[in-house]
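Structure record follows, encoded as structure tokens.
Read the numbers this way: they start at 1 and go in the same order the structure lists the ligands and their atoms.
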Amino acid sequence: MIKDIIAEGLASGWQHIDGASQQGEQELDCDVLIVGSGAGGGISAQVLSQAGLKVMVVDEGPLKSSQDFKMQERSAYPDLYQESAARKTKDKAISIFQGRCVGGSTTVNWTTSLRTPEPTLQHWQQRWGFKQVNSQSLAPYFVKAEQMLGISPWLQTNQNNALLAKGCEALAWSYQAIPRNVKQCWDLGYCGMGCPTNAKQSMLVTTIPAALSAGATLLSRFRVQTLHFDKGAITGAQLQALNTSQRLHGASIKIKARQVVLSAGAIGSPAALLRSKVPDPYQLVGKRTFLHPSVMSGAVFEQAVNSHQGAPQSVYSDHFVWREGSEGECGYKLEVPPVHPILLATKISGFGQFHSDMMQQINHLQVTIALLRDGFNEQSIGGQVQLRDDGSPVLDYPISDFVWRGARRALLSMAELQFAAGAKQVFPLHEQSKLVSSWPQAKAMIEQLPMQALATRLASAHVMGGCAMGGDEQTSLVDEDGNYRWLDGLSVIDGSVFPTSLGANPQLSIYAMALRNAELLAKRLQA
Ligand SMILES: Cc1cc2nc3c(=O)[nH]c(=O)nc-3n(C[C@H](O)[C@H](O)[C@H](O)COP(=O)(O)OP(=O)(O)OC[C@H]3O[C@@H](n4cnc5c(N)ncnc54)[C@H](O)[C@@H]3O)c2cc1C
């Protein structure tokens with residue numbers, strides 16, 4: 001029997017208000033209001049509530065637990081993801097995956113846990129005026145996060161990952177084992193639908209329970225519509241309650257707080273700032289939002305690969321990430337995704353018979369993805385978060401030629417790798433591509449494919465930026481301690497503060513930065 005951490009906690013007296021059962025209007029007050037309960041919000045909630053502060057954590061998503069996680073895409077995506085996992089950029093060219101539930105994206109992520117790459121931290125020092133945040137100062141926070149969340153290399157590689165390693169071996173490309181944030185993992189492979197065994201050390205089962213046990217209050221299914229401020233200082237926020245279909249139903253809560261920690265994630269945090277019309281003298285809110293836009297390549301193998309089973313990600317290759325230096329041509333990281341039917345059906349290119357044939361071969365498919373490292377030079381300025389008429393956010397991300405050049409090189413590398421690993425056939429996910437049977441054929445085809453929005457399939461599970469951190473007030477919205485420059489009492493602690501993408505999966509970078517800045521904030525508020 002798996003222990004239901006959430007049900008037990010609620011029974012023990014945790015404070016939880018569900019927006020679906022909220023009625024009318026109410027006013028509450030606290031020391032610190034944390035907006036969002038994902039990687040940044042979860043860590044902040046634990047640190048600040050354990051420091052003795054009166055903390056409220058609000059999330060627009062529902063509170064679910066291991067018992068709700070049924071390993072079914074059809075319920076997981078509408079229940080746990082932003083826009084039912086169908087969020088896209090404004091022109092619909094890039095699919096965006098983000099969590100919308102207590103625990104945020106950490107509840108549904110694939111558990112890869114990598115430190116911020118050294119070249120990224122150096123770039124931030126050289127180009128973004130970072131003075132205190134570097135690999136030495138972050139090292140203790142990485143160690144702390146790794147210990148808290150059971151992060152260690154995972155060696156039970158499934159076939160999908162093993163073929164990535166095999167291709168790298170054959171081509172003498174470097175590759176490494178992936179550390180994961182799991183304890184007693186059953187190796188099921190359904191991390192993206194919420195962990196049914198509580199093995200994944202997401203914020204849902206670690207920091208949020210710790211915060212609630214320390215006296216914090218959780219408000220789920222409440223959306224922070226606007227932040228309130230007066231005379232240059234934050235005073236609180238307006239929350240709208242959502243029903244079980246995630247729609248506003250008229251109830252609301254006004255919260256008075258002396259400090260707000262914005263942790264609504266990239267897209268969510270800039271959107272809250274835009275709706276609130278906060279002071280922003282250099283018009284930076286929402287700009288420089290990055291995605292690690294990812295191109296994908298499918299390969300058919302003779303043997304069963306069963307890419308839905310086992311830890312989704314356990315091998316990566318950084319062979320092409322930093323080849324031309326951090327500011328050179330667009331580098332890319334090679335990884336694999338889990339391959340589940342809805343995920344595959346919505347990403348695979350082609351229609352009708354071709355699509356159906358591919359779906360029927362699902363158990364023989366290996367899929368490789370290449371995550372393009374965006375934001376490291378002036379040819380790659382990322383996207384901009386905008387608001388629709390109803391106040392909901394949308395990301396406008398025009399894809400630059402620089403990114404397209406990287407996409408073509410990445411599609412070439414992936415096809416070469418998959419044939420080197422023994423693939424019978426390879427098909428880059430592109431509307432005009434065909435199944436090809438050899439690396440020379442693949443090379444000739446990919447070199448001719450038009451790199452265009454909506455033709456080349458692109459996806460992202462790594463949204464970063466939009467509230468850039470840095471040393472210069474003309475180019476950054478928050479300082480290195482996470483303080484919003486233009487309002488007292490407002491911090492931003494989440495993935496939106498990165499001034500570029502990372503070149504590595506983001507969660508561990510967010511945990512470390514959040515530990516650092518939440519601890520500094522706790523000291524300031526206690527003083
Ligand atoms: C499918 C998937 C797989 C991934 N795999 C990995 C991986 O293996 N390794 C890795 O490092 N990273 C992975 N990531 C990315 C990683 O999980 C995120 O980068 C990280 O969780 C971001 O943390 P955050 O605090 O910025 O935002 P989030 O964790 O996304 O949390 C933001 C929270 O804010 C809430 N929110 C937003 N707006 C509002 C509002 N107005 N009012 C109230 N609440 C609001 C949202 O509901 C959400 O719960 C993955 C992500 C996804 C979706």
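- Atom NZ of K183 sits in a crowded spot, with more than 12 heavy atoms from other residues, nucleotides or ligands closer than 6.0 Å.
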Please test Y190 against H340 for ring-ring contact (aromatic ring centres under 6.0 Å, His included), starting from the C-alpha separation and ending with a verdict.
-> CA-CA 9 Å; Y190 289 71; H340 295 283; 4.7 Å; yes
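- A272 does not count as a contact of ligand 1, since none of its heavy atoms falls under 4.0 Å from the ligand.
- Under the 4.0 angstrom criterion for non-hydrogen atoms, R275 is in contact with ligand 1.
- Between Q98 and ligand 1, no pair of N/O atoms sits closer than 3.5 Å.
- Counting protein heavy atoms only, atom 15 (C) of ligand 1 is closest to A461 O, 3.3 Å.
- Among R258, K256, K54, the one residue that satisfies the salt bridge (charged side-chain N to carboxylate O under 4.0 Å, His left out) test with D31 is R258.
- In this comparison of F97, F222, Y77, the heavy atom closest to atom 53 (C) of ligand 1 sits on F97.
- Listed by atom number, the atoms of ligand 1 under 4.0 Å from Q313 heavy atoms are 8 (O).
- Of the residues C101, C195, S37, the one that meets the side-chain contact (heavy atoms from CB on, under 4.5 Å) test with T107 is C101.
- Screening I267, L395, V463 for a side-chain contact (heavy atoms from CB on, under 4.5 Å) with R87, the sole residue that qualifies is I267.
- Within ligand 1, the atoms closer than 4.0 Å to a non-hydrogen atom of G265 are 26 (O), 27 (O), 32 (C), numbered from 1 in the order shown.
- Every N/O-N/O distance between V35 and ligand 1 stays at or above 3.5 Å.
- For Q72, the CD atom sits in a packed shell: over 12 heavy atoms of surrounding residues, nucleotides or ligands are nearer than 6.0 Å.
- Each of the following atoms of ligand 1 lies closer than 4.0 Å to a heavy atom of T106: 21 (O).
- Below 4.0 Å from some heavy atom of T112 lie the following atoms of ligand 1, by number and element: 7 (C), 8 (O), 9 (N), 10 (C), 11 (O).
- By the 3.5 Å distance cut-off applied to N or O atoms, G268 is not counted among the residues near ligand 1.
- Residue I381 places its CD1 atom among 12 or fewer non-hydrogen atoms of other residues, nucleotides or ligands, all under 6.0 Å distant.
- In terms of protein heavy-atom proximity, atom 20 (C) of ligand 1 is closest to I510 CD1, 3.8 Å.
- Atom CG of N181 and atom OG of S202 lie 8.0 Å apart (nearest 0.5 Å).
- In terms of protein heavy atoms, atom 50 (C) of ligand 1 is closest to N109 CB, 3.3 Å.
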Walk me through it: do K333 and F320 pass the test side-chain contact (heavy atoms from CB on, under 4.5 Å)?
-> CA-CA 6 Å; K333 186 179 193 78; F320 297 98; over 6 Å; no
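- In terms of polar-atom proximity, S37 is not counted as a contact of ligand 1, lacking any N or O under 3.5 Å from an N or O of the ligand.
- Once rounded to the nearest 0.5 Å, the distance linking OG1 of T244 with CZ of R221 reads 6.0 Å.
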Checking side-chain hydrogen bond (donor to acceptor under 3.5 Å, both in side chains) for the pair T112/Q313: CA distance, chi angles, key distance, verdict?
-> CA-CA 6 Å; T112 295; Q313 299 188 313; 2.7 Å; yes
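- Residue G192 places every heavy atom at 4.0 Å or more from ligand 1.
- For F376 and H123, the gap between ring centers is short of 6.0 Å.
- For ligand 1, the polar-atom distance check finds no N/O of L508 at less than 3.5 Å from any of the ligand's N/O atoms.
- Some N or O of W110 is nearer than 3.5 Å to an N or O of ligand 1, by distance alone.
- Considering both main-chain and side-chain atoms, Q507 comes within under 3.5 Å of ligand 1 through a nitrogen or oxygen pair.
- Remark: ligand 1 and G103 share no N or O pair separated by less than 3.5 Å (distance only, no angle test).
- Proximity to C101 (heavy-atom distance under 4.0 Å) selects the following atoms of ligand 1: 47 (O), 49 (O).
- Close approach of ligand 1 to G40 is summarised as follows: ligand atoms under 4.0 Å from at least one heavy atom of the residue are 25 (O).
- At under 3.5 Å, not a single nitrogen or oxygen of G36, backbone or side chain, sits near a nitrogen or oxygen of ligand 1.
- The distance from ligand 1 to the heavy atoms of R223 drops below 4.0 Å at these ligand atoms: 41 (N), 42 (N).
- In terms of protein heavy-atom proximity, atom 43 (C) of ligand 1 is closest to E60 N, 3.3 Å.
- Under a 4.0 Å criterion applied to the non-hydrogen atoms of G104, ligand 1 contributes the atoms 29 (O), 31 (O), 48 (C), 49 (O).
- Here CZ of F229 is found 10.0 Å from CG of L490. Values are rounded to the nearest 0.5 Å.
- Within 6.0 Å of CZ on R247 lie no more than 12 heavy atoms contributed by other residues, nucleotides or ligands.
- At a 4.0 Å heavy-atom cut-off, ligand 1 touches Y81 through the side chain alone.
- The neighbour count for D390 CG, taken as heavy atoms of other residues, nucleotides or ligands under 6.0 Å away, is above 12.
- Backbone and side-chain nitrogen or oxygen atoms of D59 are examined, and one is located within less than 3.5 angstrom of a nitrogen or oxygen of ligand 1.
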